[in-house]
A.B. asks: 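Structure incoming, see below.
We count residues from 1, following the sequence as given.
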Amino acid sequence: MKHIFFTIYIIICISACNSGNSEQRTAQANNRFEYATNIFSEQGSNRVVVYLNSQKSDSVVYILTSEKPEKTYDAASKTFFIQTPIQRVVVTSTTDIAPIDALNELGSLIAVCEVFRVCNPHIHELFAAGKITDVGSELHENAEKIIAIQPNFLIKTVYNTAFTQNDALYLHANIPIIYNNNWQEMNPLGRTEWIKFFGMLYNKEHEADSLFAVIRDSYNAQKARYANATNRPRVLLGEMVADTWQASGGNSYIAQFIADAGGDYIFAKNTKSGSVPLNFEQILQKSQDVDVWIGSRFSTKKELFAENHLYSLLPITKTTQCYNYNKSQHGQCNDYFETGALRPDYVLEDCIRILHGDSVARRDCRFLQELR
């Protein structure tokens, strides 16, 4: 009798799992976002769900409408009601400037964080003309200043709950918050695909979809060239922060760049999507035969060794195959974090040049640069 009950139990579990998987596949098939996993919206719908963490245990809902809504936020359902196209917008992250510029909507911005970190020259022109205000650090924006200039919307990258501590102030001031969680996407194209959300917010869905299609096709064409590459250079990612090596997780978008460029990331089997803290001994043991190191923030090896003498113990630092992301850095702005977030096909092209190109090809990179 126990065996019969156990068999029935297993059948029910399998049926439930299959049903759940079927529903998930159906929902995914109807999702306008093909690569992004932290945002969901059915084709033709004006409802958008943004997941605030990778576990999808917390989310907010956006209802987009052409009419002025009776209320902007419903706390019980965590739903924002957004009149489109959005205007008088504050953004806290420089990565959000690139998609807004690509849609020719920079005129909607009235404030940014840390204007000195922005690479876009038009932002600096608007700032110089007094049309854009600097509202402090992205990691701790000046809530009082933002409320004082009375924006219609605040676009904010959400890193963790600590970054939402000021949000009650904005809601009390009737300023809706548009959360962006593209940084936790595991696929480089998933990060870029959030431009579709911006397209919905600005009533420019066709323009956003068309631009994404161009970027997607460019990326996938390059990826296909190295899908079956037999020569796959071994790659080390990350760098030391204090006494800990912060390595990219094997499921991170940075690790995906290496795989798509025909490389072999030494921690590819790690299942994390964020950074993975490791002690230097682990790195030293694992990286004895790596061919390329990408990820230093320093421009020269002299700076590198002065920061931490342990770097000199890595065999790769005795070669010319050590790279940073600083080629597009000017002063305190780095376009890798701005244009590079929107154009992963450019970043992938750099990775391919580093892993498979000659010395001339490597010099033509947009973002990656050899440590001198």
Side-chain angles (χ1 to χ4, degrees), residues 19-93 95-96 99-100 102-103 105 108 151-159 161 163-164 167-168 170-171 173-187 189-213 216:
S19 175
N21 290 338
S22 176
E23 290 175 2
Q24 186 175 16
R25 285 193 298 268
T26 300
Q28 191 62 35
N30 292 334
N31 191 0
R32 72 174 73 222
F33 297 93
E34 180 182 0
Y35 296 89
T37 60
N38 295 323
I39 187 168
F40 176 87
S41 180
E42 290 189 2
Q43 296 284 353
S45 173
N46 68 333
R47 182 179 184 273
V48 181
V49 180
V50 169
Y51 299 102
L52 301 181
N53 56 40
S54 57
Q55 296 79 30
K56 296 180 173 54
S57 60
D58 194 10
S59 63
V60 293
V61 175
Y62 297 94
I63 304 297
L64 310 185
T65 174
S66 60
E67 304 295 331
K68 185 177 177 64
E70 294 182 2
K71 59 180 178 179
T72 59
Y73 182 64
D74 179 71
S77 60
K78 298 180 71 172
T79 299
F80 288 94
F81 301 89
I82 306 293
Q83 183 179 13
T84 61
I86 58 174
Q87 298 174 344
R88 292 186 53 78
V89 179
V90 174
V91 297
T92 63
S93 174
T95 59
D96 293 330
I100 293 173
L103 295 173
E105 291 292 345
S108 69
N152 292 341
F153 301 96
L154 170 64
I155 299 180
K156 182 177 183 179
T157 299
V158 55
Y159 294 108
T161 53
F163 288 89
T164 63
D167 294 355
Y170 303 130
L171 298 179
N174 203 33
I175 301 173
I177 306 164
I178 299 170
Y179 289 109
N180 188 338
N181 191 21
N182 65 356
W183 73 278
Q184 289 200 75
E185 296 293 347
M186 294 183 289
N187 189 308
L189 287 173
R191 296 179 77 209
T192 301
E193 196 173 22
W194 280 68
I195 194 175
K196 293 182 180 179
F197 186 29
F198 284 87
M200 297 172 72
L201 293 170
Y202 283 104
N203 287 351
K204 288 189 172 181
E205 291 183 54
H206 176 73
E207 293 90 333
D209 290 351
S210 297
L211 179 57
F212 176 73
R216 176 200 63 206

A.B. asks: For Tyr51, does the six-membered ring have the charged nitrogen or CZ of Lys56 within the cation-pi criterion, i.e. under 6.0 angstrom from the centroid and within 45° of the normal?
C.D. replies: yes
A.B. asks: Side-chain contact, heavy-atom cut-off 4.5 Å: Phe153 with Val90?
C.D. replies: no
A.B. asks: What's the shortest heavy-atom distance between Leu189 and Phe212, and which atoms?
C.D. replies: O-CE1, 3.5 Å
A.B. asks: Can you name the nearest heavy-atom pair linking Asn182 to Asn180, along with the distance?
C.D. replies: N-OD1, 2.9 Å
A.B. asks: Should Phe198 and Leu103 count as side-chain neighbours, where that means a heavy-atom distance under 4.5 Å?
C.D. replies: yes
A.B. asks: Less than 4.5 Å apart, any side-chain heavy atom of Asn53 and any of Ser57?
C.D. replies: yes
A.B. asks: Quick one: closest heavy-atom pair of Asn181 and Val158, and the distance?
C.D. replies: OD1-O, 3.9 Å
A.B. asks: Output the distance between atom NZ (Lys68) and atom OG1 (Thr72), rounded to the nearest 0.5 Å.
C.D. replies: 8.5 Å
A.B. asks: Return the orientation label for the Phe80 and Tyr62 ring planes: parallel under 30°, perpendicular over 60°, tilted otherwise.
C.D. replies: parallel
A.B. asks: For a side-chain contact (heavy atoms from CB on, under 4.5 Å) check, start with the C-alpha distance between Arg216 and Tyr35, then their side-chain angles and the critical distance, and finish with the verdict.
C.D. replies: CA-CA 10 Å; Arg216 176 200 63 206; Tyr35 296 89; 3.7 Å; yes
A.B. asks: Within the structure provided, determine whether Lys204 and Glu105 are in side-chain contact (heavy-atom separation under 4.5 Å).
C.D. replies: yes
A.B. asks: Given 3.5 Å as the limit, does a donor-acceptor pair link the side chain of Thr84 with the main chain of Ile86, or not?
C.D. replies: no
A.B. asks: Is the side chain of Glu185 donor-acceptor paired with the backbone N or O of Asn38 at a distance under 3.5 Å, no angle test?
C.D. replies: yes
A.B. asks: Any chance you could measure Gln184, atom CD, to Thr157, atom OG1, to the nearest 0.5 Å?
C.D. replies: 11.0 Å
A.B. asks: Got more than 12 heavy atoms from elsewhere within 6.0 Å of CZ, Arg88?
C.D. replies: yes
A.B. asks: Is the backbone N or O of Leu64 less than 3.5 Å from a side-chain atom of Asn46, with the two atoms forming a donor-acceptor pair by type?
C.D. replies: yes
A.B. asks: Quick one, Ile155 and Thr92 - any side-chain contact, counting heavy atoms below 4.5 Å?
C.D. replies: no
A.B. asks: CG of Asn152 to CD1 of Ile175: how many Å apart, nearest 0.5 Å?
C.D. replies: 9.0 Å
A.B. asks: Of all the heavy-atom pairs spanning Ser93 and Thr95, show the shortest one and how long it is.
C.D. replies: OG-OG1, 2.8 Å
A.B. asks: Is any side-chain heavy atom of Ile39 closer than 4.5 Å to one of Val48?
C.D. replies: yes
A.B. asks: Using a strict threshold of under 4.0 Å (side-chain N to carboxylate O), is an ion pair present between Arg32 and Glu205?
C.D. replies: yes
A.B. asks: Could you tell me the separation between the CD1 atom of Ile63 and the CZ atom of Phe81, rounded to the nearest 0.5 Å?
C.D. replies: 6.0 Å
A.B. asks: Taking the side chain as C-beta and beyond, is there a heavy-atom pair between Ser108 and Tyr202 under 4.5 Å?
C.D. replies: yes
A.B. asks: Atom CD1 in Ile178, atom NZ in Lys156: separation rounded to 0.5 Å?
C.D. replies: 13.5 Å
A.B. asks: With no hydrogens and no angle check, is any side-chain donor or acceptor of Thr79 less than 3.5 Å from a backbone partner on Ser77?
C.D. replies: yes
A.B. asks: Look at the side chain of Glu193 and the backbone N and O of Ala36, then say whether any donor-acceptor pair between them is shorter than 3.5 Å.
C.D. replies: yes
A.B. asks: Could you tell me whether a side-chain N or O of Ser45 sits under 3.5 Å from a main-chain N or O of Ser41, the two making a donor and an acceptor?
C.D. replies: no
A.B. asks: Going from CD1 on Ile100 to CD1 on Ile195, what distance comes out if it is rounded to the nearest 0.5 angstrom?
C.D. replies: 10.0 Å
A.B. asks: Side-chain contact, heavy-atom cut-off 4.5 Å: Glu42 with Asn31?
C.D. replies: no
A.B. asks: Using a strict 4.0 Å threshold on nitrogen-to-oxygen distance, state whether Asp58 and Lys78 make a salt bridge.
C.D. replies: yes
